[in-house]
**Q** 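I have a structure I would like to understand better, so I am pasting it below and will then ask my questions one at a time.
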Protein chains: 2
Amino acid sequence: MAEAEAINVDLEIIVHGAQGRSKPELRLWLRMLSTTKLISQEIRRRLRTEFGATLPQFDLMAQLYREKEGLRLGELSKRTMVTNGNVTGLVERLEADGYVQRVTPDGDRRVTVAKLTENGTTFFAAMAAAHERWLQEMMADVDPHMITALWSEIGAVKNSASNHLSGAVFE
Amino acid sequence: MAEAEAINVDLEIIVHGAQGRSKPELRLWLRMLSTTKLISQEIRRRLRTEFGATLPQFDLMAQLYREKEGLRLGELSKRTMVTNGNVTGLVERLEADGYVQRVTPDGDRRVTVAKLTENGTTFFAAMAAAHERWLQEMMADVDPHMITALWSEIGAVKNSASNHLSGAVFE
DNA sequence: AGCTGATATTTGAAATGTCAAAGGTTCGTG
DNA sequence: CACGAACCTTTGACATTTCAAATATCAGCT
């Protein structure tokens, strides 16, 4: 354990350099980024080996899973924080795999609604259960109080960042 | 301010659903992920519009900046958490732009060392200054104590995750 | 010297990511 | 009802991403 920690500290130093003189905001950002990358990569690896799926596909299906009626591609784009053009391709591939179905509603022919098929629903449910388990595993060494505290503190960071964006995010 | 916060809370709900029944680890993970995405996208946007650069290029140059003698591509891959094949293409484009130079040392002809050119050095220095400023801006509303606290708490998360990886990360 | 195994990088296929521009479709208003 | 603005999705050009397979080189051993 102690050894693993030491190795990890080294990794951090290697990744971001021995930058004692950086501003705290920058140090925090670099650590957030590397931590997120680390966990993302692990989740990607497991999704691929255990389910043959990708993380973006998982994210997209997660949105559809809780909207039985499906979602418009534009909504999907906002919720997954993925660009419109990207959603098109993702849905295309998921449709080819039989997990998602595309429908154009009668009312508005500009719109395309994507929804999970029955296959897609059961497939996603299995992935979601594993996904939640993996996260509990990976955060097993963290004090539960710290987890909830982190959740709210990161909320503060997110709020601050949201208030200082240049682009029009609140369309 | 209060309004912007309300809007942001809505965004979070939209992005991740009104999932009161999720495990804390999952909630924390989703929030970390969306926050990191939000800030990354803002940094990407600014790097592109103000410098015509991409975030991976910035990351790569950051590593070279603090190693005047340059780095082997494999080292670059580890430090940037980017795969080998990916580094090849990144360096290729940066070389075409005149910011990076590739050299094969005499001793070992398997190796390729990348280093910043003079142009690359001054270019990166300008980007780095802006980059640090942007982060201070985006985190301006966060209590400085919280920033340092977050830094160490996220360290705990990172350590825990490192200890529960499936793949061989500590080669 | 020649083999073998380890190292280092490149390549190729497929997916994801961005942005900008182009296509349709709908709606309000003249 | 026709026009133009607004809306939704797709397309196209590129960059990035991963993985696996291929290449190239080195180092050690016989």
Side-chain angles (χ1 to χ4, degrees), chain A residues 36-38 40-49 51-61 70-78 80-97 99 102-114 167-169 171, chain B residues 33 36-38 40-49 51-61 70-97 99 102-114 167-169 171:
Chain A
T36 310
K37 257 189 190 173
L38 184 70
S40 285
Q41 282 171 351
E42 178 68 11
I43 292 177
R44 268 177 221 276
R45 189 167 13 206
R46 298 199 194 188
L47 279 177
R48 189 176 56 79
T49 60
F51 295 98
T54 65
L55 186 50
Q57 288 173 352
F58 176 82
D59 284 345
L60 195 152
M61 292 178 78
L71 285 170
R72 307 184 339 173
L73 299 198
E75 258 304 293
L76 263 179
S77 168
K78 267 182 227 155
T80 55
M81 292 171 127
V82 149
T83 50
N84 276 339
N86 202 358
V87 167
T88 298
L90 278 167
V91 171
E92 254 170 17
R93 283 180 290 267
L94 285 171
E95 191 172 33
D97 290 340
Y99 296 139
R102 259 188 300 198
V103 183
T104 297
D106 298 338
D108 190 340
R109 291 216 309 281
R110 289 172 300 185
V111 172
T112 300
V113 170
V169 166
E171 70 279 3
Chain B
L33 200 53
T36 309
K37 257 190 189 173
L38 185 70
S40 285
Q41 282 171 354
E42 178 69 10
I43 292 177
R44 268 177 223 278
R45 189 168 12 208
R46 298 199 194 187
L47 279 177
R48 190 177 57 78
T49 61
F51 295 97
T54 66
L55 186 49
Q57 288 173 351
F58 176 82
D59 284 345
L60 196 152
M61 292 178 78
L71 285 170
R72 302 169 174 207
L73 300 197
E75 258 304 291
L76 263 179
S77 168
K78 268 181 226 157
R79 299 197 188 190
T80 55
M81 290 171 127
V82 150
T83 50
N84 275 339
N86 201 359
V87 166
T88 298
L90 280 167
V91 169
E92 255 170 18
R93 283 180 289 270
L94 286 170
E95 190 172 34
D97 292 341
Y99 297 138
R102 259 188 300 197
V103 183
T104 295
D106 297 339
D108 189 340
R109 289 216 310 282
R110 291 172 299 183
V111 172
T112 301
V113 170
V169 166
E171 69 279 2

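In what follows, every chain begins at residue 1, and chains take the letters A, B, ... in the order their sequences are listed. Note that these values count all heavy atoms, side chains included, but never hydrogens, waters or copies made by symmetry.
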**Q** Does R102(B) have a side-chain nitrogen or oxygen under 4.0 Å from the phosphate oxygens OP1 or OP2 of dT10(C)?
**A** yes
**Q** Sugar-phosphate means primed atoms, P, OP1 and OP2; the rest is base. With that split, encode nucleotides 12-21 of chain C 5' to 3' as B, S or - using protein heavy atoms under 4.0 Å.
**A** ---SBBBSS-
**Q** Quick one: do T88(B) and E92(B) satisfy side-chain contact (heavy atoms from CB on, under 4.5 Å)? Show the steps, please.
**A** CA-CA 6 Å; T88(B) 298; E92(B) 255 170 18; 4.1 Å; yes
**Q** N84(B) CG to dT7(C) C1': how many Å, rounded?
**A** 11 Å
**Q** How would you list, by chain and number, every residue that makes a salt bridge (charged side-chain N to carboxylate O under 4.0 Å, His left out) with R72(B), sequence neighbours excluded?
**A**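 Salt bridge (charged side-chain N to carboxylate O under 4.0 Å, His left out) check on R72(B) returns nothing, list empty.
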**Q** In whole angstrom, what separates I43(A)'s CD1 from dT17(D)'s P?
**A** 18 Å
**Q** Can you tell me how far C1' of dT17(D) sits from CG of L60(B), to the nearest Å?
**A** 14 Å
**Q** Using whole Å, what does the distance between atom P of nucleotide dC14(D) and atom CD of E92(B) come to?
**A**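 So the CD-P distance, E92(B) to dC14(D), works out to 16 Å.
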**Q** What closest approach, in Å, do V87(B) and S77(B) show between heavy atoms, and which atom pair accounts for it?
**A** CG2-CA, 3.7 Å
**Q** Checking side-chain contact (heavy atoms from CB on, under 4.5 Å) between L76(B) and each of D59(B), N86(B), L71(B), V82(B), which is the one that passes?
**A** L71(B)
**Q** Apply side chain to side chain donor-acceptor pair (under 3.5 Å) to E95(B) and list each qualifying residue two or more places apart in sequence or on a separate chain.
**A** R102(B)
**Q** Please name all residues satisfying salt bridge (charged side-chain N to carboxylate O under 4.0 Å, His left out) with D97(B), sequence neighbours left out, ordered by chain then number.
**A**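 Not a single residue meets the salt bridge (charged side-chain N to carboxylate O under 4.0 Å, His left out) criterion with D97(B).
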**Q** Indicate yes or no for a side-chain donor-acceptor contact from Q57(B) to the backbone of R93(B) under 3.5 Å, with no hydrogens or angles considered.
**A**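 A pair under 3.5 Å: no.
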**Q** Please give, in whole Å, the distance from dC7(D) C1' to L73(A) CG?
**A** 13 Å
**Q** By salt bridge (charged side-chain N to carboxylate O under 4.0 Å, His left out), which residues pair with R110(B), not counting sequence neighbours?
**A** D108(B)
**Q** Give the intermediate values and the outcome of side-chain contact (heavy atoms from CB on, under 4.5 Å) for residues T54(A) and R44(A).
**A** CA-CA 6 Å; T54(A) 65; R44(A) 268 177 221 276; over 6 Å; no
**Q** For a quick check of understanding: with a heavy-atom distance under 4.0 Å over all strands, which category does T112(B) fall into, base, sugar-phosphate or nothing?
**A** sugar-phosphate
**Q** To the nearest Å, give me how far apart CZ (R72(A)) and C1' (dT10(D)) are.
**A** 16 Å
**Q** Restricting both atoms to N or O, compile the protein contacts to nucleotides 26-28 of chain D shorter than 3.5 Å, with distance only.
**A**
unit_1	atom_1	unit_2	atom_2	d
dC26(D)	OP1	R109(B)	N	2.8
dC26(D)	O4'	R110(B)	NE	3.4

